[in-house]
Amino acid sequence: MIRINQLKLPVGHTEAEFRKKAAKMMRVPLSGIVSLTPVRQSLDARKKPDLYYIYTVDAAVAGAETEIIKRARNMNVMIHKETEYRFPERGKEALFHRPVIAGFGPAGMFCGLMLARAGYCPLILERGEDVDERTKRVRAFWEGGPLAPESNVQFGEGGAGTFSDGKLNTLVRDPGGRNRKILETLAWAGADPAILYMSKPHVGTDVLRGAVKQIREEILRLGGEIRFRARLEDIHEEAGRLVSVEVCTEGISGRERIQTGVLILAIGHSARDTFAMLAQKDLDIQPKAFAVGLRIQHPQSQINLSQYGREAVDGLGAASYKLTRTVQSGRGVYSFCMCPGGFVVNASSEQGRVAVNGMSNHDRAGENANSALIVTVTPKDFPDQTALGGVRFQQRLEEAAFRCGAGKIPVQLYGDFRAGRVSGAFGDVKPAILGGFSFGNLRETLPEEISGALIEAVDYFGSVIQGFDREDAILAGVESRTSSPLRILRDRGMESKINGLYPCGEGAGYAGGIMSAAMDGMRAAEALVSRYYPAYV
């Protein structure tokens with residue numbers, strides 16, 4: 001295969017122009033091209049409003065590749081061998097009970113899929129509902145109904161990512177090809193195949209819901225079992241070895257005890273009751289740094305104008321941004337989970353506490369852009385130095401937000417936040433919020449050092465994106481669930497101090513987003529399979 005780098009064409013180019021440019025770079029006739037497969041597409045907006053796509057392309061050609069490379073005399077044209085993902089062979093140690101996976105978010109889902117495909121018939125426990133029932137429950141909550149603590153934006157099939165933008169970019173290095181395997185799986189499950197080459201791929205919450213159902217059906221078809229409304233309540237060990245788990249399942253009186261020698265702990269970053277249970281066990285759990293802050297909304301047309309040099313997107317898709325700043329106090333402030341054309345949503349999972357998140361559909365066609373603006377916090381900021389210190393820090397912020405918004409999402413104009421006042425009226429920016437909201441002083445929800453850092457950073461961001469610091473930009477709070485507040489330590493084989501317990505994904509503190517969590521779930525499956533063979537089959 002020949003790989004072409006830096007193939008540059010104006011936005012809106014035709015397929016014929018694409019093939020012609022590839023042929024020119026390789027110095028071959030058009031008839032010599034068998035196929036062209038985009039590997040990566042990024043946007044060059046350095047000369048906006050003149051915009052260009054820059055491609056990396058794999059080309060199959062007629063003729064000897066080495067001769068074509070010599071003739072091309074172009075450092076951007078080379079022979080390339082793709083690294084294919086390889087799942088390990090079965091290990092030698094007998095596993096006498098099927099593995100249990102706690103959590104059916106990205107980590108648990110891809111761990112379960114890999115194990116099912118390898119013939120291990122996993123049992124997957126998910127405390128929330130299947131994605132269809134969960135969606136009904138969440139919509140009812142946003143429309144003023146009660147919060148369902150077990151099935152909400154945080155808990156249920158697909159995990160927290162199901163009600164997000166569905167971003168699939170990751171900063172994790174991937175020499176083993178896991179990233180590509182996940183993208184291929186999602187495309188197979190119904191996502192736009194363009195995610196295979198987009199530089200900033202995303203699925204959208206509407207499409208992602210269908211994709212997780214397809215993956216669920218594949219796991220079931222291959223002999224796996226998935227139990228919804230089944231919450232992990234306890235684990236049992238003997239001589240440092242896991243022997244069983246206890247599960248509370250709706251419709252079953254009391255707890256059910258399930259024998260197993262392997263538990264993949266993929267519980268997500270909001271399973272605070274499970275964290276509390278695990279903190280009582282013989283495990284090494286440490287509080288870790290994360291970040292907290294607020295959501296900010298601007299008109300999407302304003303972001304498009306800044307990023308593209310034009311308000312209309314003309315098939316480009318709504319523009320995104322990424323902003324970072326180290327403020328005078330030394331804290332980092334940055335945008336997180338930016339949702340072009342999206343909504344701010346009530347992402348609460350506990351009574352008496354309010355947390356927000358961002359969400360976009362696949363078309364990103366909403367009027368507003370929103371992102372979290374978050375400030376780094378460390379265990380030094382937590383009320384105590386125990387393993388659960390970060391959890392308690394989050395809860396205090398969410399309780400303050402609940403009070404500030406009288407049980408709804410508290411909102412405030414940026415100019416009012418900076419001045420410490422509440423005007424009670426929106427400006428030209430109109431809210432795009434799913435869930436009830438009310439005006440409040442968000443300065444009361446955050447430590448003053450955090451608020452000051454946000455103000456300093458937003459004023460600076462106004463010099464990067466014109467109008468970012470506009471007075472009527474809408475803030476909502478609090479953004480507290482950016483990542484897990486703790487880490488469950490594991491060894492190089494991914495096992496915890498309790499043999500047979502494999503912490504993975506966001507909740508265990510080893511991921512930050514859909515892709516990194518899914519990749520960590522795959523690693524857990526690989527670790528299990530390379531050690532055990534299923535003696536129970």
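Keep in mind that this is a model prediction, so the values were computed, not measured.
- Using a cutoff of 4.0 Å between basic side-chain nitrogens and carboxylate oxygens, Lys213 and Asp132 are scored as salt-bridged.
- Checked by atom type and distance alone, the side chain of Trp142 pairs as donor or acceptor with a backbone atom of Asn346 at under 3.5 Å.
- Among all heavy-atom pairs drawn from Gly509 and Lys288, the shortest one is CA-CE, 3.9 Å.
- Atom CD of Gln259 sits in a sparse spot, with 12 or fewer heavy atoms from other residues, nucleotides or ligands closer than 6.0 Å.
- Taking the charged nitrogens against the carboxylate oxygens, Arg443 and Glu448 do have a contact shorter than 4.0 Å, which makes a salt bridge.
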Quick one, Val262 with Tyr532, criterion side chain to side chain contact (heavy atoms under 4.5 Å, CB included). Give me CA distance, side-chain angles, the key distance, then yes/no.
CA-CA 10 Å; Val262 169; Tyr532 297 105; 3.9 Å; yes
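- In this structure the side chain of Thr376 never reaches within 4.5 angstrom of the side chain of Val333, judged on heavy atoms.
- Side-chain contact check for Tyr321 and Ser371: at least one donor-acceptor pair (N or O, by modelled atom type) lies under 3.5 Å.
- No side-chain donor-acceptor contact under 3.5 Å links Asn370 to the backbone of Gln297.
- Applying the salt bridge (charged side-chain N to carboxylate O under 4.0 Å, His left out) test between Arg231 and each of Glu126, Glu256, Glu150, Glu246 identifies Glu150 as the sole match.
- Using a 4.5 Å heavy-atom threshold, the side chains of Arg134 and Phe163 count as touching.
- Contact check for Leu278 versus Ile488: side-chain heavy atoms found under the 4.5 Å cut-off.
- Using modelled atom types, one finds a donor on one side chain and an acceptor on the other under 3.5 Å when comparing Ser480 with Glu398.
- Annotation: side chain of Arg331 is in contact with side chain of Glu449 (closest heavy-atom distance under 4.5 Å).
- For Lys408, the NZ atom counts as loosely surrounded, since its 6.0 Å shell holds 12 or fewer non-hydrogen atoms of other residues, nucleotides or ligands.
- There is a side-chain donor-acceptor pair under 3.5 Å between Gln394 and Arg272.
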Could you check Val464 against Leu323 for side chain to side chain contact (heavy atoms under 4.5 Å, CB included), going step by step and ending with a plain yes or no?
CA-CA 8 Å; Val464 180; Leu323 299 167; 3.8 Å; yes
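- Using the six-membered ring where Trp is involved, Tyr334 and Phe336 have ring planes that are perpendicular, over 60° apart on the 30 and 60° scheme.
- Under the 4.5 Å side-chain criterion, counting only non-hydrogen atoms from C-beta, Val292 is not in contact with Thr482.
- With respect to the salt-bridge test (charged N to carboxylate O, under 4.0 angstrom), the residues Arg229 and Asp130 do not qualify.
- Between Glu526 and Met114, every side-chain heavy-atom pair lies at or beyond the 4.5 Å cut-off.
- One finds a salt bridge joining Glu350 and Arg353 here, because a Lys/Arg side-chain nitrogen approaches an Asp/Glu carboxylate oxygen to under 4.0 Å.
- A side-chain donor-acceptor contact under 3.5 Å links Asn152 to the backbone of Ala148.
- In summary, the side chains of Arg127 and Ser151 do not present any donor paired with an acceptor at a separation below 3.5 Å, with no hydrogens or angles considered.
- The two atoms that bring Thr205 and Ser164 nearest to each other are CB-O, 3.3 Å, heavy atoms only.
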Report the C-alpha distance between Thr83 and Arg180 in whole Å, list the side-chain angles of each, state the deciding distance to 0.1 Å, and finish with yes or no for side-chain hydrogen bond (donor to acceptor under 3.5 Å, both in side chains).
CA-CA 10 Å; Thr83 300; Arg180 179 75 180 184; over 6 Å; no
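- For the residue pair Gly108 and Ile101, the shortest heavy atom distance occurs at CA-CG2, 3.7 Å.
- Counting non-hydrogen atoms of neighbouring residues, nucleotides and ligands closer than 6.0 angstrom, the CD atom of Gln328 reaches no more than 12 such neighbours.
- Between Tyr536 and Phe96, the ring centre distance reaches or exceeds 6.0 Å.
- Taking all atoms of both residues into account, the shortest heavy-atom contact from Ile219 to Gly112 is CD1-C, 4.0 Å.
- Considering all non-hydrogen atoms of both residues, Val327 and Ala453 come closest at CG1-O, 3.6 Å.
- The CG atom of Asn368 sits 11.5 Å away from atom SG of Cys339, with the distance rounded to the nearest 0.5 Å.
- To the nearest 0.5 Å, the span separating CG on Leu446 from CZ on Arg396 amounts to 14.0 Å.
- In this structure, CD1 in Ile124 is found 8.0 Å from CG in Leu220, a value given to the nearest 0.5 Å.
- No cation-pi contact links Arg90 to Tyr533, judged by a cut-off of 6.0 Å to the six-membered ring centre and 45° from its axis.
- The minimum heavy-atom distance between Ile498 and Glu237, with the atom names listed, is CD1-OE2, 3.5 Å.
- Glu129 has no carboxylate O lying under 4.0 Å from a charged side-chain N of Lys136, or vice versa, which leaves the two without a salt bridge.
- Of the inter-residue distances, the one linking His202 atom NE2 with Ile514 atom CD1 reads 11.0 Å to the nearest 0.5 angstrom.
- At least one side-chain heavy atom of Cys504 sits less than 4.5 Å from a side-chain heavy atom of Asp520.
- Electrostatic pairing of Glu495 and Arg490 does not count as a salt bridge here, judged by no charged N lying under 4.0 Å from a carboxylate O.
- Separating the SG atom in Cys111 from the CE atom in Met519 is a distance of 14.5 Å, to the nearest 0.5 Å.
- In the model, Tyr414 has a side-chain atom that pairs as donor or acceptor with a side-chain atom of Asp459 under 3.5 Å.
- Between Ser244 and the choices Arg257, His236, Glu238, the side chain to side chain donor-acceptor pair (under 3.5 Å) rule is met once, by Arg257.
- Taking CZ of Arg227 as the start and OG1 of Thr249 as the end, the distance is 6.0 Å to the nearest 0.5 Å.
- Between Leu263 and Leu232 there is a side-chain heavy-atom pair separated by less than 4.5 Å.
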Would Phe290 and Phe382 satisfy ring-ring contact (aromatic ring centres under 6.0 Å, His included), going step by step from the backbone distance to the final call?
CA-CA 11 Å; Phe290 57 103; Phe382 302 162; 5.6 Å; yes
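- A salt bridge links Asp165 with Arg364; the closest basic N to acidic carboxylate O contact falls under 4.0 Å.
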